[in-house]
Amino acid sequence: MADASASTADRQGQGSAAYASGDSAANGFPEVKSDAIKFGPGNAAHRSLFHALGMTEEEMSRPLVGIVSSYNEIVPGHMNIDKITEAVKLGVAMAGGTPVVFPAIAVCDGIAMGHTGMKYSLVTREVMGDSTECWALAHGFDALVMVPNCDKNVPGLLMAAARLDLPTVFVSGGPMLAGHVDGHKTSLSSMFEAQGSYAAGKIDAAKLREFELKTCPTCGSCSGMYTANSMNCLTEVIGMGLRGNGTIPAVYSARIELAKHAGMAVMEMLRRGITARQIMTREAFKNALTVDMALGCSTNTMLHLPAIAHECGIEINLDIANEVSKHTPNLCHLAPAGRTYIEDLDEAGGIYAVMNELSKRGLIETDCMTVTGKTVGENIANHPVLNNDVIRPIDDPYSETGGIAVLRGNLAPDGCVVKRSAVLPEMLVHEGPARVFESEEEAQAAINAGKIKAGDVVVIRYEGPKGGPGMREMLNPTSAIMGMGLGNSVALITDGRFSGATRGACIGHVSPEAASGGPIGIVQEGDIISIDIPNYKLELKISQEEYDRRMASFVPKTKPLSGYLKRYAQLVSSGATGAVLN
């Protein structure tokens, strides 16, 4: 036994100096948090468990870096994250850290779309934030690299990063390449609209099958400027991701290189004492809103940016968003707003090129710190636009105002959101009769049955954060409207939300929602609704006396709930404040 013990001691001898002293400076780092659980006689029990993991004393003597991997086998945007994670681990190890992987969940919004599953999409944002916070603090990590990709996964981990305030870098799984049908690039929105075209008899089953097989050709987050890519691009803008995080395609080897550099970058942040909240400042969020407007991002950013800022103790309200939009030109029409895709944005210079273009008018706060250890201004210098067909010059934009607009009026006293850059010009101002539905399913059935006519305003209520609960995305009904050729004559409003793949006169996040007593709950079949996007107005055209009478007698409907959705509905705030949990 003595010989065996001696042999074990000999094998562990290389790390014994740092192991005994508890001095992480031996490896070139300032004192780090994990020292408190790794060194000294009082932590022998902790070390015994690290040994049980097969961790050497050399590894224990280095900072512990948590790699938050969202890898799974159900989300196309996450199926390659195992390779990204391995590359991050290598980068961390090369730079002197000990990488340790732990998981984060993720929901595929496309697969969850149009059924009960969508109730569980937005709500997972809080699960991700909570679970990552718990895991990181319970195990004493010194730094983190977040490896997310799709939809709520990115903001959920940004919320965790804000709470933890550790050195943290984000590197996503990357966007999907566009598909090709009939010589045109396609994306998931093309697929959903093809379903609408098929239902309307505009294409046959063979063409629908062709779309099915060709629309999503690779792994990665869906190829348009949908929520996942919007948030990954804005993570780069905020300063929490390296250049290319939002745009380098998932299948490019450059993404593996990016992941290695992310691992190295977090170790440099640790050496220099740069943490997440030093990067996620009010000015950084202003930059995010500005680039959001220039890119024409998903309306879901108007839920996520306020929620992330909230974790930093910063308030972003819808009025701030409109003010930024008024002064920010829309430079990109990426799918679904146009015929360019994330791969095209990458080739045109990426997010740094967009920021560089905006900086020509002084619209970017250039002094913000980033995960590179450099300021935004230093990062974006010498990154010009390489293709003006993808990123318009700032003096020749698609419009002088941003891609997202916030409307108010007696139908949405606390505001609502529309992706203005994806609305046809003839629908920017619209007035028509309300077609009222109490759920997405009811509306979808009416659309499929041909009951929605030109001029109508489809109203879908009780789909908000509380009323859904979960604030479902309405991609199925909006895509059906477009696919049936009604996009130039039918509008849709809801207290739910939209996929980034939605286009058309689709107004979401109507607040207060019906379940909270909002006036969307008093709309009656045939009421005239007026939409004026250029003037930021949404109005129910009834007399003030009738409005007051209906509101006084309105009792919101309730649904029987259980489990997590019941707890969520009890705690969640309005969509106007980011649907955060109170």
Side-chain angles (χ1 to χ4, degrees), residues 33 66 68 104 122-138 141-146 148 152-170 230-231 234-241 266 269-270 272-293 297 300-325 364-371 373 375-376 406 414-415 417 465 509 511 568 571-582:
K33 293 182 179 181
V68 187
L122 179 61
V123 306
T124 61
R125 186 185 70 182
E126 272 58 37
V127 175
M128 294 169 210
D130 292 347
S131 62
T132 301
E133 173 194 357
C134 293
W135 208 312
L137 291 179
F141 287 110
D142 301 306
L144 297 169
V145 179
M146 306 290 197
K152 316 312 162 294
N153 186 233
V154 181
L157 294 185
L158 280 166
M159 290 165 73
R163 292 181 201 172
L164 293 162
D165 196 27
L166 296 170
T168 306
V169 176
F170 277 67
S230 295
M231 289 308 305
L234 295 185
T235 298
E236 196 175 328
V237 176
I238 291 169
M240 292 295 289
V266 82
M269 289 177 71
L270 185 59
R272 294 178 56 179
I274 300 171
T275 64
R277 285 196 204 170
Q278 293 174 28
I279 294 169
M280 289 195 279
T281 61
R282 182 176 298 279
E283 292 74 20
F285 283 108
K286 182 183 176 185
N287 282 344
L289 285 168
T290 299
V291 178
D292 189 339
M293 301 305 168
C297 289
N300 282 315
T301 60
M302 292 297 100
L303 285 174
H304 301 320
L305 288 176
I308 299 160
H310 176 76
E311 298 292 349
C312 298
I314 298 168
E315 180 186 355
I316 294 178
N317 60 41
L318 297 183
D319 292 325
I320 295 172
N322 251 6
E323 188 61 28
V324 172
S325 181
I364 295 295
E365 301 282 350
T366 56
D367 292 334
C368 299
M369 178 53 64
T370 72
V371 295
T375 66
V376 165
V406 175
D414 292 342
V417 181
H509 309 196
S511 301
Y568 182 86
L571 298 174
V572 70
S573 73
S574 166
T577 55
V580 297
L581 298 187
N582 293 317

Would the distance check show the side chain of [X] and the main-chain N or O of [Y] forming a donor-acceptor pair, the cut-off being under 3.5 Å?
X      : Y      : result
Thr124 : Val127 : no
Asp142 : Lys33  : yes
Ser325 : Ala321 : no
Ser131 : Met128 : yes

How many angstroms lie between [atom1] in [X] and [atom2] in [Y], if you round to the nearest 0.5 Å?
X      : Y      : atom1 : atom2 : answer
Asn322 : Met302 : CG    : CE    : 9.5 Å
Ile316 : Leu289 : CD1   : CG    : 5.0 Å
Glu283 : Ile364 : CD    : CD1   : 12.5 Å
Ile279 : Thr168 : CD1   : OG1   : 8.0 Å
Leu137 : Leu166 : CG    : CG    : 7.5 Å
Thr235 : Met240 : OG1   : CE    : 8.0 Å

Thr290 vs Val237, side chain to side chain contact (heavy atoms under 4.5 Å, CB included): CA-CA, chis, key distance, verdict = CA-CA 9 Å; Thr290 299; Val237 176; over 6 Å; no
Got a sec, which residues hit side-chain hydrogen bond (donor to acceptor under 3.5 Å, both in side chains) with Ser573, two or more places apart in sequence or on another chain?
-> Thr577
State which residues pass side-chain hydrogen bond (donor to acceptor under 3.5 Å, both in side chains) with Gln278; sequence neighbours excluded, sorted by chain then number.
-> Thr275
Only counting residues at least two apart or in another chain, list the ones meeting salt bridge (Lys or Arg N to Asp or Glu O under 4.0 Å) with Glu311.
-> Arg163
Glu365 meets the salt bridge (Lys or Arg N to Asp or Glu O under 4.0 Å) criterion, sequence neighbours left out, with Lys286
List in chain and number order the residues that pass side-chain contact (heavy atoms from CB on, under 4.5 Å) with Leu571, two or more places apart in sequence or in another chain; answer none if no residue qualifies.
-> Leu581
How would you list, by chain and number, every residue that makes a side-chain contact (heavy atoms from CB on, under 4.5 Å) with Pro155, sequence neighbours excluded?
-> Arg125, Met231, His304, Ile308
Walk me through it: do Val266 and Val371 pass the test side chain to side chain contact (heavy atoms under 4.5 Å, CB included)?
-> CA-CA 7 Å; Val266 82; Val371 295; over 6 Å; no
Could you check Cys368 against Asn287 for side chain to side chain contact (heavy atoms under 4.5 Å, CB included), going step by step and ending with a plain yes or no?
-> CA-CA 9 Å; Cys368 299; Asn287 282 344; 3.9 Å; yes
For Glu126 and Met159, what are the C-alpha separation, side-chain angles and deciding distance, and is it a side chain to side chain contact (heavy atoms under 4.5 Å, CB included)?
-> CA-CA 8 Å; Glu126 272 58 37; Met159 290 165 73; 3.3 Å; yes
Do Val417 and Leu303 come within less than 4.5 Å of each other through their side chains, counting heavy atoms only?
-> no
Between Pro148 and Leu157, what is the shortest heavy-atom contact and its length?
-> CB-CD1, 3.7 Å
